[in-house]
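Worksheet: one structure, shown below.
Computation of the quantities below employed the complete heavy-atom set of this structure, encompassing side-chain atoms and omitting hydrogens, waters and symmetry-equivalent molecules. Just so it is clear: chains get the letters A, B, ... in the order the sequence lines come, proteins before strands, and each one is counted from 1.
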Amino acid sequence: MQIHYCDVLSVGAGLAGERVAVEAAQAGYKVICLSIVPPRRSHSSAAQGGMQAALGNSIMGDGDSPEIHFNDTVKGSDWGCDQEVARIFAEQAPIAMREMAFMGVPWNRVVPGEHTYYKGGKPFQATEKKENEGLIHSRAFGGTAKWRTCYTSDGTGHAVLFTLDNRMLELGVQVHDRMQAEALIHDGERCMGVIARNLRTGELEAYIANATLIATGGFGRLYRATTNAVICDGGGQIIAQDTGIVPLGNMEAVQFHPTGTVPTDILVTEGCRGDGGTLLDVNEYRFMPDYEPEKAELASRDVVSRRMTEHMRKGFGVKSPYGDHLWLDIRHLGEKHITTNLREVYDICRHFLGVNPIHQLIPVRPTQHYSMGGVRVNKDGHAYGLKGLFAAGEAACWDMHGFNRLGGNSLAETVVAGRVVGKKVVEFLQGDSMVYKADAMRDALRGVEQRIENLKKGTGDDCYTLRNEMQDAMMEYVGIFRNGKDLQKGVDKLQEILERTKNMRLAGKGQRGQDAEMAMALRVPGMVRLALTIAYGALQRTESRGAHAREDFPERNDRDWLKRTLATWKPGDSLPTLTYEEATPFFILPPGDRGYGGGKIIDGPDIPAEKLVSFAEKKEAQGA
Amino acid sequence: MGRTLTFEIFRYNPSDPDSKPHMQTYTLEETPSMTLFIALNKIREEQDPTLQFDFCCRAGICGSCGMVINGRPGLACHTQTADLPDKITLHPLPVFKLLGDLSVDTGTWFRGVGKKIESWIHTKKQFDENAPEERMDNELANQIFELDRCVECGCCVAACGTARMRDDFIGATSINRLARFYIDPRDERKSSDYYELIGDDSGVFGCMGLLACDNVCPKQIPLQDQLGVMRRMVTLESVKAIIPDFIRNKLVGCPDKND
């Protein structure tokens, strides 16, 4: 077996993984990135809209500050986030955007003079300041007090990823693509790397590293209808959970994006609504202002998705062979705007839907989009439970998003967390001497070999059948609106599927070299465990918070549930073990009303004075 | 009622000494809005789990699924079966190393050319986190992004006559990539530096002007224009001792980058 040695191993080469890798490589460390696909094909590339950062250059972002950004983020999270982390994020975001500009991102810039912008479908005039000419511009996204989303046309993820990957080339960081991590090497206290399967050859290879980073993105593929790429199968969360030690945080917090297209589930960016697009029902009536008079289409994603579902349930959906949907209308933005600022959207509509959005309405419905939960890490990105294991980006629960993340905050998180965690990884390496244990590697290797042998002997269902049943169970029982009865059905069904994975069979019998079925089959049991972690966590959380909406418990319950779910999976168990921790070490913004979404709140006890701090206040204990 | 589609798909597993290259036939009932992404996954999940192909974003953004579709390189995910005849023939992209059936190794190829043309901003400046960003004209930012939109799918390389004959040809994609840096003032390289990178037969002078690259680009990047821009720049660079600077500066795209 081939064994590779490095200082830092990043499992994943999207924006978060590459940003950490760049930081470590700049400090002189040897870094290897593993990736299922060539790095520029990572799902980060698909992010269209932009990155939130309080630069305040644009006229509609005038007077913005990290504190306002922080407040929006906390409200968006429905007070589920870690406020210390959200503050680090909001403060660092402008620096991270400028740094990406320095590395080569062609951010759109301020053009001085009078411009026509749209709010709620209505045009208005605003004058960009002469003194800000050429600085980074920003557009509107949902749930924000200011226009603060930095963008490059609607290919922001692509542009930033290519720029970072260029920097990787310059620094000589190795990327081993078509490698799928299958197990962490650890001794119960210390992480020492991973066992990965080479997707070209089918061989197992070992990577020994002082610091291992999980940056594999989200797990949208647990759902049948998702905007996520086919590689977003939760691989990083699976290997963390398989340790039986590292907890996953808030896995029940799953975001549905209001505008997945029908029938392909491909996302069209929130920038459509930010730029003035509206949502229409079967009568081509604009319904969102009736539900959300203040923010209308630009309330946070969880709220808009629920209002859309609610409206369709009242019978105002558009019937189609693929189920009910609503319309997104961007026609009034005009040809020039659509073919430049919303060009990806224009392409997607024409190529995948046969719709020309300059003249026609776009069929949309809420679609699984983002995983707020993930590998629970502290503010440094260091995983709970295993020294030397880090996580960043969507794969992590660093927890600036709580129970709902704002549009433009996740893409920004990748480079901000990448920058912060990257520096912490470097600090960790400076004081580290790892004793590598050969038996830990052998144990991890044997575990993976055993799973492959079992698959070759299996006589039950094939991996696609089991995956499809899991996805359908998640759609039906663990979707946008949840209730105890359905969640219990979901848990029961997923437990049955998990049992059946033990006798999974390879329909293709396994072949040398590339074998997509084997790669999927190795993933499915872990995916079902993640699905169970979501369903069971959602069943236990008897309140509604952010994206987690319980019909039988419609109130946000700050008295009992102002806390984060931590789920570990003990070997041999058929359910995760859940424990809880406080959502945030202190409050800058005490729990209150979000200002949108309606909903009642069961108040918790008053926050004790020693837990209240101001945004600017830095306590020694916070390490800042 | 939908049509019955017949797929003729190239099969070969280079890791298996018993495997011989051949075409295999599958049939599938067409459904509304069917793309090759939907069709190939249906075939793999329901008929033949040994079939190998690559998809990732399935939204025309990541560039994973380039293949030769009825003789023409394109992205499978944004090819609708409704636009194709009843018989659909699929081959892997040529030029790139075959990994299995329709799956080819574009990743290694693109990293190779990326290093060769030094596809990054060359600057002596240091990032100052306390300083505001350097200003840029928005129009220029748009122009850079226009060239930055390449998804490295490899279709232009697969369609290129020169790339089929010369292993070291960097392809329209790489010349476009360098054109992106040429117009970017943050990149401090000069015309002479670009000349060193692409001023030979593996670069701009290898292009025979067949321009299939421009035809097949799924992102409609103006590859023909960029080949022209870079060839003119490199040509003028090669005669800089002969033609006076004031004429040269008038003819090149970015006179600031002349030495």
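Between chain A and the residues Ser15(B), Pro14(B), Cys56(B), Gly107(B), the largest count of heavy-atom pairs under 4.5 Å involves Cys56(B). Ranking Cys153(B), Ala82(B), Ser103(B) against chain A, the residue ahead of the rest is Ser103(B), based on heavy-atom pairs under 4.5 Å. For the set Gln80(B), Arg111(B), Glu118(B), the entry with the most heavy-atom pairs within less than 4.5 Å of chain A is Arg111(B). In terms of heavy-atom pairs under 4.5 angstrom with chain A, the leader among Thr35(B), Asp105(B), Asp137(B) is Asp105(B). Annotation: maximal heavy-atom pairing with chain A below 4.5 Å, among Pro132(B), Cys77(B), Cys62(B), occurs at Cys62(B). When each of Ala131(B), Ser19(B), Ala59(B) is scored by its heavy-atom pairs under 4.5 Å with chain A, the top score falls to Ala59(B).
Electrostatic pairing of Arg419(A) and Glu129(B) counts as a salt bridge here, judged by a charged N lying under 4.0 Å from a carboxylate O. A salt bridge does not link Asp347(A) with Arg149(B): every distance from a Lys NZ or Arg NE/NH1/NH2 to an Asp or Glu carboxylate oxygen is 4.0 Å or more. The pair Asp54(B)-Arg178(A) meets the salt-bridge criterion, with a side-chain N (NZ, NE, NH1 or NH2) lying under 4.0 Å from an Asp/Glu carboxylate O. Using a 4.0 Å cut-off between charged nitrogen and carboxylate oxygen, Lys115(B) and Glu170(A) do not count as a salt-bridge pair.
In this structure, Arg44(B) and Tyr464(A) have side chains that are in contact, with non-hydrogen atoms separated by less than 4.5 Å. For the pair Gln52(B) and Gln511(A), the minimum side-chain heavy-atom distance is below 4.5 Å. Put simply, the side chain of His78(B) does not reach to within 4.5 Å of the side chain of Thr264(A), judged on heavy atoms. The shortest distance between side-chain heavy atoms of Trp120(B) and Leu171(A) does not fall below 4.5 Å. Two residues are said to be in side-chain contact when any heavy atoms from C-beta on lie closer than 4.5 Å; Phe127(B) and Ile95(A) meet this criterion. You'll find the side chain of Asn138(B) stays beyond 4.5 Å of the side chain of His137(A), heavy atoms only. For the pair Arg98(A) and Asp128(B), the minimum side-chain heavy-atom distance is 4.5 Å or more.
When atom types are taken as modelled, the side chain of His158(A) and the backbone of Asp148(B) share a donor-acceptor pair closer than 3.5 angstrom.
Using a 3.5 Å distance cut-off with no hydrogens or angles, the side chains of Asn57(A) and Glu133(B) do pair a donor with an acceptor.
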